[in-house]
There are 2 protein chains.
Amino acid sequence: MIEIADTKTRILDTAERLFGQKGFEATSLRDITAEAQVNLAAVNYHFQSKDSLMDAVIARRVDPVNQKRLEMLDAAGPDPTVEQVLTAFLEPVFDIQLECAAPLVGRILSNPNLFLDRMYKRHFQIISERFRAAMIRALPGAPVADILWGQMFTVGAMTQLMALSQILPAITGGVCDMSDRPAVVARAVRFLAAGFRAGANGSELNKELRCAG
Amino acid sequence: MIEIADTKTRILDTAERLFGQKGFEATSLRDITAEAQVNLAAVNYHFQSKDSLMDAVIARRVDPVNQKRLEMLDAAGPDPTVEQVLTAFLEPVFDIQLECAAPLVGRILSNPNLFLDRMYKRHFQIISERFRAAMIRALPGAPVADILWGQMFTVGAMTQLMALSQILPAITGGVCDMSDRPAVVARAVRFLAAGFRAGANGSELNKELRCAG
DNA sequence: GTCTATAGGTTGATAGAC
DNA sequence: GTCTATCAACCTATAGAC
């Protein structure tokens, strides 16, 4: 038996898909209610405004991902490897339905002001700090600046894959796609782990930034 | 003596800034003409539509960057190092005025459909192919898939830095910023070069994808 | 080239019946 | 909770005077 989702869930599902496909500003509430087959006024009843609807769409996907990340990080123990830290950070992201949430997250991430106020401080700051602490334990003695820059590159690579997952085959002649997600995660982890280790290997650039101990 | 830019240039400058700050759909032509202190109808006179204005804004920044990229790639000779290829790809990007163009490019990059049709095919496809060929010469025998995935991670890291350049200090406790751009480029090149070499070092994952020769 | 004026359409949000 | 009807504001694009 197929359970028809209730109005609130149908609005969330449709808003998620359309925000991702067309962007927040380019998606009207009428676009959403037409596809979700609900009444226009239902949006303002269940959510207060278009902005609040956006927040609800985000939180529904991000919160479980972050919970899984922290579980995996805890499971890796007090002295994780670089690969364990990166896998705990990346794998839960690619467990979600990318075709829905990916362009959305990619778009939000690329809007600095919206990202800082409505995403980073609310959902990502604590995660970022936990993973930074874990990576410092995985790379003892590495300059903190190297870890931080590495985190930027890591988030960038992750975001790029999510944002472009739809068109990945089109721009790589069919060579790259997201069909085998564990393999993609493994590939990203291997690439990024090498970068983190190279950043911490004592090049001239970093000598003066090295942390004590 | 201060030369006041002409109407067309003032529109381009203002549109670039506002598209970057607020996004394409969220920026009205009235926002642009008000700040540029030009008449609303001047936009439709000099450019035909809002879409064409966007294209003009993009082309003005992207074309010189791509020209510089190809010059640097040619200067590296027929057998460049991984670092030379990466530097030729990244350095010209960070020569442009990031505070204007960065959020714009980041946002466009994160919209898959808009990116594919209006950006990738028009401005980036030929560049991507040239750099892929150069990287294959820098890493002979590496699987093409590794090169392609590496390119994705590279573009992601670059885009992340451009998109978040404004708020980089805010999310790193002041440790990371874009003030020393050559150092940032050097850091990215070192991180990414290690990733490319790790991707091509013959892990189990890639054995079956290895190219002949 | 630059302006005013306006056409023609869409938007987010709400009031009020049921 | 769900609907209809509607408001006030905003938008892009263009016509036509100068």
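Quick note: numbers below take in every heavy atom, side chains included, and nothing from hydrogens, waters or symmetry partners. Residue numbering restarts at 1 for every chain, and letters A, B, ... go by the order of the sequence lines.
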In whole Å, I'd like the distance from the CG atom of B/Asp51 to the C1' atom of D/dC11. 14 Å

Taking CG from A/Asp6 and P from D/dG1, how many angstroms apart are they, rounded to a whole number? 9 Å

For A/Ser28, is there any backbone N or O sitting under 3.5 Å from a side-chain donor or acceptor partner on A/Asp31? yes

Does the B/Thr9 side chain pair with the main chain of B/Ala5, one donor and one acceptor, at a distance under 3.5 Å? no

Once you round it to whole Å, what is the distance between P of D/dG1 and CZ of A/Arg10? 14 Å

Among B/Arg69, B/Lys68, B/Arg61, salt bridge (Lys or Arg N to Asp or Glu O under 4.0 Å) partner for B/Asp95: B/Lys68

Rounded to the nearest angstrom, tell me the gap between atom NZ in A/Lys8 and atom P in D/dT2. 11 Å

If you only use heavy atoms from C-beta on, which nucleotide in D/dA13, D/dC3, C/dT4 is closest to the side chain of B/Asn39? C/dT4

Aromatic contact between B/Phe196 and B/Phe153, with the criterion being ring centroids under 6.0 Å apart: yes or no? no

What nucleic acid atoms does B/Ala41 come within less than 4.0 Å of, heavy atoms only: base, sugar-phosphate, or nothing? base

Rounded interatomic separation in angstrom, taking CG from A/Asn44 and P from D/dT6: 18 Å

Separation of C/dT14 P from A/Leu40 CG (nearest whole Å): 11 Å

Where each residue is assigned the nucleotide of DNA chain C containing its nearest heavy atom, which of B/His46 and A/Ser49 is assigned the position nearer the 5′ end? B/His46

Below 4.0 angstrom, which residues in residues 27-34 of chain A have at least one non-hydrogen atom near DNA chain C? A/Thr27, A/Ser28, A/Leu29, A/Arg30

Return the NE2 to OG1 distance between B/His46 and B/Thr7, rounded to the nearest 0.5 Å. 5.0 Å

Distance in angstrom units between B/Ile11 CD1 and C/dG1 P, rounded: 12 Å

NZ/NE/NH1/NH2 to OD/OE distance under 4.0 Å, B/Arg122 and B/Asp55: yes

From D/dA13, C/dT2, C/dA13, nucleotide with atom closest to B/Lys50 side chain: D/dA13

Do the charged groups of B/Asp13 and B/Lys8 touch, with an N to O distance under 4.0 Å? no

For atom CZ of B/Phe24 and atom P of D/dC11, their distance in whole Å: 14 Å

